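Note sheet for the following structure.
Within every chain, numbering begins at 1; the chains are lettered A, B, ... in the order of the sequence lines, protein sequences first and strands thereafter. Source: prediction; values computed, not measured.
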Protein chains: 2
Amino acid sequence: MSTLKDVAERAGVTVTTVSRMLNNRGYVSEKTKNKIRQAMKELNYRPNEFARALSLQRSNFIGLIVPSARNMFFSKVIDSVERQVSKHGYKLLLCTSNLEPKKEFEYFDMLSANKVAGVIIASHTQDIDKKININAPVISIDRIISPQIPAICSDNYQGGVLAAEHLISKGCKKLAHISGSIHLNMDANKRYYGFKDVCEKKGVPHILIDATEEQFLSMNYDSIVNMLLDNYPDVDGIFTSNDIIAAQVIATCSRRGIKIPDQIKVVGYDDIDLCTIFNPSITTIRQAISEISLYAVESIISKAEKDKPIPSCIIFPVELIERETT
Amino acid sequence: MSTLKDVAERAGVTVTTVSRMLNNRGYVSEKTKNKIRQAMKELNYRPNEFARALSLQRSNFIGLIVPSARNMFFSKVIDSVERQVSKHGYKLLLCTSNLEPKKEFEYFDMLSANKVAGVIIASHTQDIDKKININAPVISIDRIISPQIPAICSDNYQGGVLAAEHLISKGCKKLAHISGSIHLNMDANKRYYGFKDVCEKKGVPHILIDATEEQFLSMNYDSIVNMLLDNYPDVDGIFTSNDIIAAQVIATCSRRGIKIPDQIKVVGYDDIDLCTIFNPSITTIRQAISEISLYAVESIISKAEKDKPIPSCIIFPVELIERETT
DNA sequence: TGTGAAATTGAAATCGATCTATAAAAAATA
DNA sequence: TATTTTTTATAGATCGATTTCAATTTCACA
């Protein structure tokens with residue numbers, strides 16, 4: 001592996017000049033530039049990222065902390081964040097926390113020691129900023145975890161409104177909301193509030209069912225759906241806080257011979273790939289994950305490179321995608 | 001951020017001593033050790049990873065290249081690789097290649113410049129080693145891409161055998177195999193060979209249908225399944241090369257009013273989370289993804305740390321998980 | 001022809017660790 | 001007590017980049 005020095009020697013200049021050219025700072029004549037380009041090509045030169053980071057006191061890494069990579073919502077997040085990160089010439093350090101605050105702290109420590117340009121986190125750990133010590137911008141997505149940490153969310157309240165309005169407009173008389181785990185993601189509670197407000201305004205009875213953290217992680221919502229169907233046989237419209245629960249509702253109903261959308265209509269949340277693989281395909285509230293990822297990555301980069309401030313809260317619009325479950 | 005030097009000064013020793021203690025190499029008296037520990041605690045010291053990597057000429061990063069993070073098979077791979085990597089004190093650099101060789105080359109270049117301890121790749125790019133230049137162990141998982149690159153696969157042939165035997169034992173008279181994309185993953189062809197050999201031995205007619213790369217990436221197998229059902233109405237057992245196709249078969253059949261498992265039985269491959277969310281739940285061939293990830297990560301680390309050689313091919317057993325589609 | 005400003009290059013310090021060679025102190029042995 | 005051996009600690013080079021400061025060259029203009 002050849003170094004700056006090798007390139008410099010071969011081009012007959014000093015490392016300073018080569019470095020200046022690489023970072024195009026200061027003056028370098030066209031003639032020398034060509035000699036250097038030539039030398040770099042001949043030696044197949046790649047700058048050593050560590051020397052660079054050591055000198056600059058910052059790296060091209062961006063950290064992403066998610067509860068799990070298996071969950072299809074987060075895997076979509078990971079996929080689009082990675083694409084944005086790499087498009088901007090940065091690299092993604094992926095961390096899965098399993099929702100354990102201790103692991104999150106450790107990851108922050110690690111990311112900090114790696115002088116990342118920034119961290120994107122999807123976590124529910126409230127006020128995490130008080131427990132960590134990091135000198136890089138942190139952005140929370142999908143959740144608000146601290147007043148100090150900028151958050152990029154979708155319009156959860158509006159999502160709830162759209163879902164309820166849609167179900168009611170389709171003729172549902174009694175609604176239920178299954179939350180992903182209401183104490184986990186405070187901002188997602190707004191989905192329920194939006195839903196509730198519409199129900200109340202229109203005089204439609206409704207109930208709320210809350211999943212546990214364990215169910216959220218294992219994506220195992222079987223029992224909670226059964227419980228709902230057992231205890232509230234008159235519910236004819238269900239709004240779930242994520243598509244995986246919606247999928248489970250469909251599977252369970254199909255098992256019980258309940259026809260969707262005839263007997264029960266279902267609206268999910270997120271719009272993950274699952275929605276179109278299922279039969280019936282799932283009506284859902286789409287979160288603009290790619291846009292959110294793009295925004296998160298670009299905010300971090302412009303903060304890191306040009307010290308542009310990051311707005312403390314950005315809300316992206318949501319959209320109801322009508323499919324076969326309603 | 002405090003440095004080794006700060007710690008050394010505070011403890012009244014030199015950096016050499018502190019470094020020796022950190023890497024426990026050479027002699028350090030218990031008394032000095034305590035002073036150093038004390039100083040480190042007081043200063044909340046974290047070693048600078050870059051200085052370390054620069055000096056050692058290697059890092060704690062492990063690269064993982066997958067076609068996409070959205071695909072549920074790869075997201076399971078990502079999840080378990082990340083867990084293993086972090087358990088061993090390493091960090092995961094995630095790269096998604098979209099199956100584009102050019103992006104893969106760039107990622108290899110980048111990983112190389114970051115002196116990763118090793119690279120785990122799930123790709124179909126044959127003989128990629130001839131196009132890249134990396135000075136770290138590379139391990140291919142799920143696919144064999146070059147005789148020079150060690151591969152960790154599941155027993156694909158046996159998977160095909162198990163699937164065919166199972167379908168036949170359940171009374172199927174005419175079988176079909178839908179391959180993920182047969183030209184993409186040479187080793188997965190063995191799934192078909194195992195399947196075919198059993199069919200031929202037992203005298204069961206069978207057909208093969210191949211998906212395209214585009215379908216593989218978009219996970220959109222709708223048209224291919226419809227084509228199968230249209231052209232071969234007498235098929236009563238389908239073995240798919242991955243669970244997503246199997247899910248699509250179920251959805252499409254359900255749409256057409258074809259009863260599973262009564263009219264058509266289905267066996268998938270991989271055992272991703274989808275299998276149990278679906279109704280009927282999907283009978284599948286389980287790949288030991290966690291074991292494969294564990295093995296891959298540990299091989300890389302023991303190669304990097306102790307220069308232990310990596311066997312050129314490891315095959316993990318597969319297992320048929322019987323569920324409701326058969 | 002001289003002058004100052006702009007353009008071009010270089011020497012050497014720096015980032016924060018590791019590591020070799022060496023010296024000093026402590027313990028063991030003669 | 002003298003000598004060897006074992007422990008312990010240090011100084012200073014090194015990894016491969018960036019960057020400050022200074023030196024030199026070029027060039028327009030009076």
Should [X] and [Y] count as an ion pair when the cut-off is N to O under 4.0 Å?
X        : Y        : value
B/Asp307 : B/Lys303 : yes
B/Asp79  : B/Lys76  : no
A/Glu104 : A/Lys131 : no
B/Glu49  : A/Lys115 : no
B/Arg37  : B/Glu30  : yes

Roughly how far, to the nearest 0.5 Å, is the CZ atom of A/Phe50 from the CG atom of A/Asn114?
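Here the interatomic distance stands at 8.0 Å.
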Look at atom CG of B/Asn133 and say whether more than 12 heavy atoms of other residues, nucleotides or ligands are closer to it than 6.0 Å.
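Not buried by this count: 12 neighbours or fewer within 6.0 Å.
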Does B/Asn34 CG have over 12 foreign heavy atoms under 6.0 Å away?
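Check passes, neighbour count above 12.
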Judged by modelled atom types alone, do A/Gln148 and A/Asp129 share a side-chain donor-acceptor pair under 3.5 Å?
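No donor-acceptor contact under 3.5 Å links the two side chains.
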Under a 4.0 Å heavy-atom cut-off, which of residues 33-41 of chain A touch DNA chain D?
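Per residue number, the list is empty: none.
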Using a cut-off of strictly less than 4.0 Å between a heavy atom of the residue and any atom of DNA chain D, enumerate the qualifying residues of residues 1-18 of chain B by number.
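Heavy-atom cutoff 4.0 Å gives B/Gly12, B/Val13, B/Thr14, B/Thr16, B/Thr17.
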If you compare every side-chain N and O of [X] against the phosphate oxygens of [N] (OP1, OP2), does one of them come in below 4.0 Å?
X       : N      : result
B/Arg25 : C/dT18 : no
A/Gln57 : C/dT14 : no
B/Asn48 : C/dC15 : no
A/Tyr27 : C/dA7  : yes

A/Thr32 vs B/Arg46, nearer the 5' end of DNA chain C by closest nucleotide
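Residue closer to the 5' terminus by nearest nucleotide: A/Thr32.
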For B/Arg20 and for B/Leu54, find the nucleotide of DNA chain C with the closest heavy atom, then tell me which residue's nucleotide is more 5'.
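The residue mapped nearer the 5' terminus is B/Leu54.
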Under the side chain to side chain contact (heavy atoms under 4.5 Å, CB included) test against A/Ser140, which residue among A/Ile120, A/Val119, A/Ile145, A/Thr125 passes?
A/Ile145
If you walk 5' to 3' along DNA chain D, what is the first nucleotide with an atom under 4.0 Å of a heavy atom in chain B, and what is the last?
D/dT7 to D/dG16
What's the CG-P distance between B/Asn23 and C/dA17, to the nearest Å?
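Going from CG in B/Asn23 over to P in C/dA17 covers 11 Å.
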Spacing between B/Lys31 atom NZ and C/dA26 atom C1', to the nearest angstrom
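Rounding to the nearest Å, NZ of B/Lys31 and C1' of C/dA26 are 12 Å apart.
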One pair to check against side-chain contact (heavy atoms from CB on, under 4.5 Å): B/Asp109 and B/Phe105. What are the steps and the verdict?
CA-CA 6 Å; B/Asp109 238 34; B/Phe105 300 150; over 6 Å; no
